[in-house]
Colleague: 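Can you read through this structure? Questions will come right after.
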Amino acid sequence: MDGNDLVKMTLLDMKGLVMNDEEKQALICMADQYLVIYNHLIDIGQNEPFAHQAAMNIVQAQYAAYKD
């Protein structure tokens with residue numbers, strides 16, 4: 001990474017467009033939770049659109065308290 005790339009990444013980070021380590025870990029946790037819920041609902045016989053919507057709603061509700 002040269003100086004121009006470093007400046008570009010710093011400017012993007014300042015605008016909130018680059019994830020830091022904490023944000024990356026949170027995204028990984030949310031994706032894992034989504035997949036566990038989605039796969040469980042499919043396993044118990046729910047259809048894919050329902051499983052997707054339910055998993056999204058549950059993950060959103062869990063992380064709603066952490067919004068700014």
Side-chain angles (χ1 to χ4, degrees):
M1 182 180 286
D2 65 4
N4 289 334
D5 289 337
L6 184 59
V7 169
K8 183 178 175 183
M9 291 299 288
T10 301
L11 291 174
L12 290 173
D13 191 30
M14 288 171 58
K15 292 179 183 177
L17 301 174
V18 176
M19 290 192 289
N20 60 28
D21 290 339
E22 184 178 325
E23 292 167 336
K24 287 178 189 175
Q25 187 63 37
L27 180 61
I28 290 169
C29 289
M30 285 186 280
D32 287 345
Q33 287 179 337
Y34 169 87
L35 289 172
V36 167
I37 296 164
Y38 177 86
N39 288 330
H40 175 70
L41 290 169
I42 294 297
D43 289 345
I44 64 171
Q46 297 295 333
N47 61 29
E48 289 183 16
F50 177 83
H52 166 71
Q53 189 62 49
M56 288 298 298
N57 289 343
I58 291 168
V59 170
Q60 286 175 345
Q62 287 177 333
Y63 287 92
Y66 298 106
K67 278 186 169 180
D68 291 337

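Each residue takes its place number in the sequence, starting with 1.
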Colleague: Could you check if a side-chain atom of Q33 sits within less than 4.5 angstrom of a side-chain atom of Y63, using non-hydrogen atoms only?
Modeller: yes

Colleague: Pairs under 3.5 angstrom only: tabulate donor-acceptor contacts from the side chains of residues 51-59 to other protein residues two or more places apart or in another chain.
Modeller:
unit_1: H52; atom_1: ND1; unit_2: Y34; atom_2: OH; d: 2.8
unit_1: Q53; atom_1: NE2; unit_2: N57; atom_2: OD1; d: 3.1
unit_1: N57; atom_1: ND2; unit_2: Q53; atom_2: O; d: 3.4

Colleague: If you look only at distance, which donor and acceptor atoms sit under 3.5 Å apart when one is on a side chain in residues 40-50 and the other is two or more places apart or in another chain?
Modeller:
unit_1: N47; atom_1: OD1; unit_2: F50; atom_2: N; d: 2.9

